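Accompanying notes for the structure given below.
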Amino acid sequence: MATTTIVTAFISGANNHRDLDTYMTLGAKLLVQTVPTVCFIEKDIYFKHFHYKAHDFPQTIFRLFEKTDNYIYMRKEEMSLFNPITDNPGKDTREYMSIQCHKTEWVRMAIEMDPFHTEQFIWVDFGIFHIMDNEDKFRLSLQNITNNRYNGVRIAGCWDLSKHSNESALMQKIHWYFAGGIFGGDKRNLQSFAALMKTAVNQIITDKKSLTWEVN
């Protein structure tokens, strides 16, 4: 019996960082793996790119999810002060931030579904294959992370957590305290994590009229 479910998602049109075909190619590298996976995806994207070859993804369960199902996206007009300091404004849009900060919610939703009856869940970015240099290494890496068990929430770190930054900087510039492409853990703690994240995001939008990167 599987011990871990991978969770991922793709929403189109959030930015101009990559074209759709590139995202589909990258995403297929993940979805084809023989590990239990739940993928949230828009109806049009699913039927155009995955439905007709569903047999290629025997361990992936697709769940339809539109951008308007994202509670953060539905508040984007409230982010009137959104103005991040970035060298890539075409990527770091309100819509992109809405997706990044929704990762914990997709994990929560997958836990509630629990189609593979696992105790562990891991978020993996849809296009994460772009950081790998070959498919064998990618396959082995996924098998490795899905064979581990963790109590609590486990996220890779980049910056020294003891080096604090002020609130203004955290709202305006990306801070790589964490690498947001992969995180996971046990059901109970991931559900608590999602609840804390949703509370924080809603409070930031209300108080700051803006949003920041999920790694911040």
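Computed over heavy atoms, backbone and side chain alike; hydrogens, waters and symmetry mates excluded. Note that the structure is predicted; figures quoted are calculated from it, not measured.
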### Under 3.5 Å donor-acceptor, Asn15 side chain and Tyr96 backbone
no
### Task
Taking all non-hydrogen atoms of both residues into account, name the closest pair between Pro115 and Ile61 and its distance.
CB-CD1, 3.4 Å
#### Entry: Which atom of Met132 lies closest to which atom of Ser141, heavy atoms considered
CE-OG, 3.7 Å
### Query
Taking the six-membered ring of Phe138 as reference, does the NZ or CZ atom of Lys29 fall below 6.0 Å from its centre and within a 45° cone about the axis?
no
### Task
Evaluate the salt bridge (charged side-chain N to carboxylate O under 4.0 Å, His left out) criterion for residues Asp186 and Arg149: first the C-alpha distance (whole Å), next the side-chain angles of each, then the deciding distance (0.1 Å), finally the verdict.
CA-CA 8 Å; Asp186 66 279; Arg149 291 175 178 266; over 6 Å; no
### Message
Could you check whether Arg63 makes a cation-pi contact with Phe40, meaning its NZ or CZ is under 6.0 Å from the centre of the six-membered ring and within 45° of the ring axis?
### Response
no
### Query
Can you find a side-chain donor-acceptor pair between Asn216 and Trp176 that sits under 3.5 Å?
no
### Task
State, yes or no, whether a side-chain contact exists between Arg108 and Leu190 at a heavy-atom distance under 4.5 Å.
no
### Message
Over 60° means perpendicular and under 30° means parallel, so tell me whether His102 and Trp106 are parallel, tilted or perpendicular.
### Response
perpendicular
### Message
If I compare all heavy atoms of Lys209 with all of Thr206, which pair ends up nearest, and what's the gap?
### Response
NZ-O, 3.3 Å
### Task
Count the heavy atoms of every other residue, nucleotide or ligand shown that sit under 6.0 Å from CD of Glu112, and state whether that count exceeds 12.
yes
### Query
NZ of Lys163: more than 12 outside heavy atoms within 6.0 angstrom?
no
### Chi angles and distances behind the side-chain contact (heavy atoms from CB on, under 4.5 Å) call for Glu42, Phe65
CA-CA 5 Å; Glu42 293 161 290; Phe65 187 96; over 6 Å; no
#### Entry: Between Thr3 and Glu119: side-chain donor-acceptor atoms closer than 3.5 Å
no
### Query
So does Arg18 have more than 12 non-hydrogen atoms from other groups sitting under 6.0 Å from CZ?
yes
### Message
For Thr22 and Asp19, which I'm curious about, is there any donor-acceptor pair between the side chains at under 3.5 Å?
### Response
yes
### Task
Quick one: pull up OG1 in Thr212 and CD in Gln100 and give me the separation to the nearest 0.5 Å.
11.0 Å
### Task
Using only heavy-atom distances, determine whether the side chains of Arg139 and Thr34 contain a donor-acceptor pair under 3.5 Å.
no
### Query
Between Arg154 and Asn148, does any side-chain donor sit less than 3.5 Å from a side-chain acceptor?
no
### Query
Under 6.0 Å between ring centres, would you say that holds for Tyr23 and Phe10?
yes
### Task
Without swapping roles, check the side chain of Asp69 against the backbone of Glu66 for a donor-acceptor pair under 3.5 Å.
yes
### Task
Go through the steps to decide whether Leu30 and Thr8 satisfy the test side-chain contact (heavy atoms from CB on, under 4.5 Å), and finish with yes or no.
CA-CA 9 Å; Leu30 172 62; Thr8 193; 3.8 Å; yes
#### Entry: Minimum heavy-atom distance between Leu81 and Ser210, given as atom pair plus value
O-OG, 4.0 Å
### Any side-chain donor near an acceptor of the partner, Ser162 and Asp160, under 3.5 Å
yes
### Task
Given side chain to side chain donor-acceptor pair (under 3.5 Å), test Tyr46 with Lys43 step by step and report yes or no.
CA-CA 5 Å; Tyr46 170 69; Lys43 180 178 179 180; over 6 Å; no
### Task
Could you verify whether a donor N or O on one side chain and an acceptor N or O on the other, from Thr118 and Thr5, lie under 3.5 Å apart?
yes
### Message
Could you measure the distance from the OG atom of Ser192 to the CZ atom of Arg188? Nearest 0.5 Å is fine.
### Response
6.0 Å
### Query
Distance from Lys208 atom NZ to Phe82 atom CZ, nearest 0.5 Å?
15.5 Å
### Query
Checking Arg94 side chain against Lys76 main chain: does a donor-acceptor pair fall under 3.5 Å?
yes
### Message
Donor-acceptor check, side chain of Arg75 to backbone of Asn202, threshold 3.5 angstrom: yes or no?
### Response
yes
### Message
Keeping Asp125 on the side-chain end and Ile128 on the backbone end, is there a donor-acceptor pair under 3.5 Å?
### Response
no
#### Entry: Parallel, tilted or perpendicular: rings of Phe183 and Phe193 (30°, 60°)
perpendicular
### Query
Parallel under 30°, tilted from 30 to 60°, perpendicular over 60°: which one fits the rings of Tyr177 and Trp159?
perpendicular
